2 protein chains.
Amino acid sequence: MTNCIIAQSGGPTSVINASLSGIIKAAITHKKIDIVYGSLNGIHGIINDRTINLSELFEPFMERLEILKTTPAMYLGSCRHKLKSCEADPDTYRKIFDFFTRHHIHYFFYIGGNDSMDTVAKLDAYAKRINYPICCIGIPKTIDNDLIGTDHTPGFGSAAKFVATTLLEIAHDAYIYDMQSVTIIEIMGRNAGWLTAASALARNTYNTSPDLIYLPEVSFKPSQFIQDIQNLQKQKKQIIIAVSEGIKNEDGNYIASSNTTHNDLFGHAALSGVGKALEQIIKNTISCKVRSIELNVLQRSAVHIASKTDIEEAFEIGRKAVQYALRGITGHMMVINRIQNHPYQTSIESIDVNDVANKEKVIPKEWLHPNGNDVTLPLLNYLKPLIKGEAKIDYKDGIPQYISHSHLSELSRS
Amino acid sequence: MTNCIIAQSGGPTSVINASLSGIIKAAITHKKIDIVYGSLNGIHGIINDRTINLSELFEPFMERLEILKTTPAMYLGSCRHKLKSCEADPDTYRKIFDFFTRHHIHYFFYIGGNDSMDTVAKLDAYAKRINYPICCIGIPKTIDNDLIGTDHTPGFGSAAKFVATTLLEIAHDAYIYDMQSVTIIEIMGRNAGWLTAASALARNTYNTSPDLIYLPEVSFKPSQFIQDIQNLQKQKKQIIIAVSEGIKNEDGNYIASSNTTHNDLFGHAALSGVGKALEQIIKNTISCKVRSIELNVLQRSAVHIASKTDIEEAFEIGRKAVQYALRGITGHMMVINRIQNHPYQTSIESIDVNDVANKEKVIPKEWLHPNGNDVTLPLLNYLKPLIKGEAKIDYKDGIPQYISHSHLSELSRS
């Protein structure tokens, strides 16, 4: 008997279930694989023997894989767990491989970000050491687009589409009042500014906003920030600013964490986000209306506005992962290579996961505007194809139809 | 020569331009009306003679009215201006009627909320006093659904659909981690809880969230709030709470009101802090992961997820407003009457604007759950039809195609 197991880890994206759907579809239909298991809550499910039989759940209802493809978050649940080395924590490795042995698992698919790729690398190395026959494949996902070795990450395109669409809609909102105003839009991204850069895709023949873009790749200087706004205010009234949550000052400290001027109801200093911090910097200097909008988890969960390109790539990278594993490839992460931009064309391949794990890809310096407050055309050209096409979502009673998460909610009844 | 003028006022909704589109379409095609003007920035455009010729802009390109129908915010811009009485400010009334006379305006359409209906009432009364022949009609809009005399307000259904969809997507996001957590979703509504109540439409066969709903109609008691959460935590780990920005304590003070560092665009203390305030109340008592998400202006601008029912009603109410005005009706606000729920059927009529202006409709007590933390089935049945159907939006390069706001942005270059 030869079985496989799939797990999901880290933060959600709009298409991480599309990759899951692709893996399930390919694995269920392949005759070399008998049962497809899902590990609940990432690697924890394997360690604690909490799994579901995905073959049973989906084989009689293959059409459910289509709904799964466009269901937000993670069908199998998630965890934030970085495996220690096998020397430091041999017990956990024994549990994992004991589980693999008992359940005849010879293929392991882990959909995740940096930490998950580290897990893939460690399990692959351990398997080789103990001579356990298993192929371990990592499937990338992150809205941050900060994994190296791949042109871009599944999940990024949909988040980028949400950000650009929302920015355009907020721009329409901002222009209705004939008065000087600054609107700050806070976008996810601690160290890499890819997603914030995507706000520039909202620009079109009539919309020039965002007017200023601040990214973690560039040191943030409050005095320059105020100067940027004041310069713009000479030409226009409504200023819209896109900012990464992770911008830092010249000493490398987050702007968001240095703001302790807000007190909550109980007089405690509230740790406010970067939007509120910038609001305060503006209010201290410039007399005009200021508001900040935090896009928050909607960036990673708003599947109703997901990118079709992203969904299809995520599904395909999952499907290909199964093919690669069945060819005996192990210790690899699947990647997307961009062949050309016009028309947009990619290929899916794989690279050694050790070349990826624990590394981070930020925006190259030459793609940043020398002024430090905008992006450049090459970056826009890189981003454009990733948001194209609209997800096909079925609605029931006015609400998108997603697949049930009741196996997670029931499991977690305390 | 007989002309008409249209203006928009107050905060945006996703369908206020659909009403504008309906008025323009009916007025342009009616032989009794020669030129259709648009007043820029509400009544200010009339006072300061800043208008655009909508006949010129749309008559040769009627297909643009379809894009206008699904364009966010307000094509004509907005203002927050409550007219003083004509005794207190005769000069403004003289300016307005001087404008009407010079431009042969005999029909005035004002799309807005409470304050705008007050303007319609005042201009109608003044016209009668000076014997100026004009028909003044108010077209309701507000995401708050708090206007009386109408079953519901255009704009509410689309905001409700955004809230319910987003809540479901956030619920998927919340269930992925196998740990105790509270997610607070802050929804617009200062005095009326209609929009927050609509979060309950996210419940379906597998999703029971929101688990708790707090509305401005019910006094908020922090101790009961903590009790509600602790009771639920005995049964489930992930708790999702929907809360109106405007909840008040037993003394009638806003829970968010001590946060005076935030002002909205008009200098009103913005009630944007209730999520953070509740976060703190929980953190002071219960040891678990807490986060709050403010849906912010996305509730009123996310046209990409607008309700088809809402768009069509908004368009139709605009179209009918022109018919009513041409029949000589004046000093009225257009209203929607619900004839039946199964199948959903409505009629559009009008009522005396004096019966509407400066009044507020909150959720009736019998539609609130006696526990004070939920809604009831009759309220859900009232809400359900309003979010049905999806907007047909064209996308270009992955971004929704809306109509240009450049006439506003150019106008406001300082």
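Only a predicted model underlies this, so the values are computations on that prediction, with no experimental measurement involved. All values below were derived from every heavy atom in this structure, side-chain atoms included, with hydrogens, water molecules and symmetry-related copies excluded. Chain identifiers are assigned alphabetically (A, B, ...) following the order of the sequence lines, protein sequences preceding nucleic acid strands; residue numbering begins at 1 within each chain.
Contact annotation for B/Thr166: only side-chain heavy atoms (C-beta onward) come within less than 4.5 Å of a heavy atom of chain A. Contact annotation for B/Leu168: only side-chain heavy atoms (C-beta onward) come within less than 4.5 Å of a heavy atom of chain A. For A/Asn204, no part lies under 4.5 angstrom from a heavy atom of chain B. Interface remark: A/Ala171 contributes backbone and side-chain atoms alike to the contact with chain B (heavy atom separation under 4.5 Å). At a 4.5 Å heavy-atom cutoff, the contact between B/Thr71 and chain A is made by side-chain atoms alone. The part of B/Ser292 that comes within reach of chain A is its backbone (N, CA, C, O), which places non-hydrogen atoms under 4.5 angstrom from that chain. For chain A, no part of B/Leu76 is nearby; none of its heavy atoms comes within less than 4.5 Å.
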Checklist entry - Under the side chain to side chain contact (heavy atoms under 4.5 Å, CB included) criterion, do B/His172 and A/Met74 qualify, and how do the steps go? => result CA-CA 8 Å; B/His172 277 268; A/Met74 290 137 105; over 6 Å; no
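The backbone N or O of A/Ser14 lies less than 3.5 Å from no partner atom in the side chain of B/Glu169, so there is not a single donor-acceptor pair.
The existence of a salt bridge linking A/Asp397 and B/Lys384 is excluded, since no basic side-chain nitrogen approaches an acidic carboxylate oxygen closer than 4.0 Å.
Listed options A/Thr183, A/Ile305, A/Leu386, A/Thr309 were ranked by heavy-atom pairs under 4.5 angstrom with chain B; first place goes to A/Ile305.
Using bins of under 30°, 30° to 60° and over 60° for the plane-to-plane angle, the ring pair A/Tyr206/B/His405 lands in the perpendicular bin.
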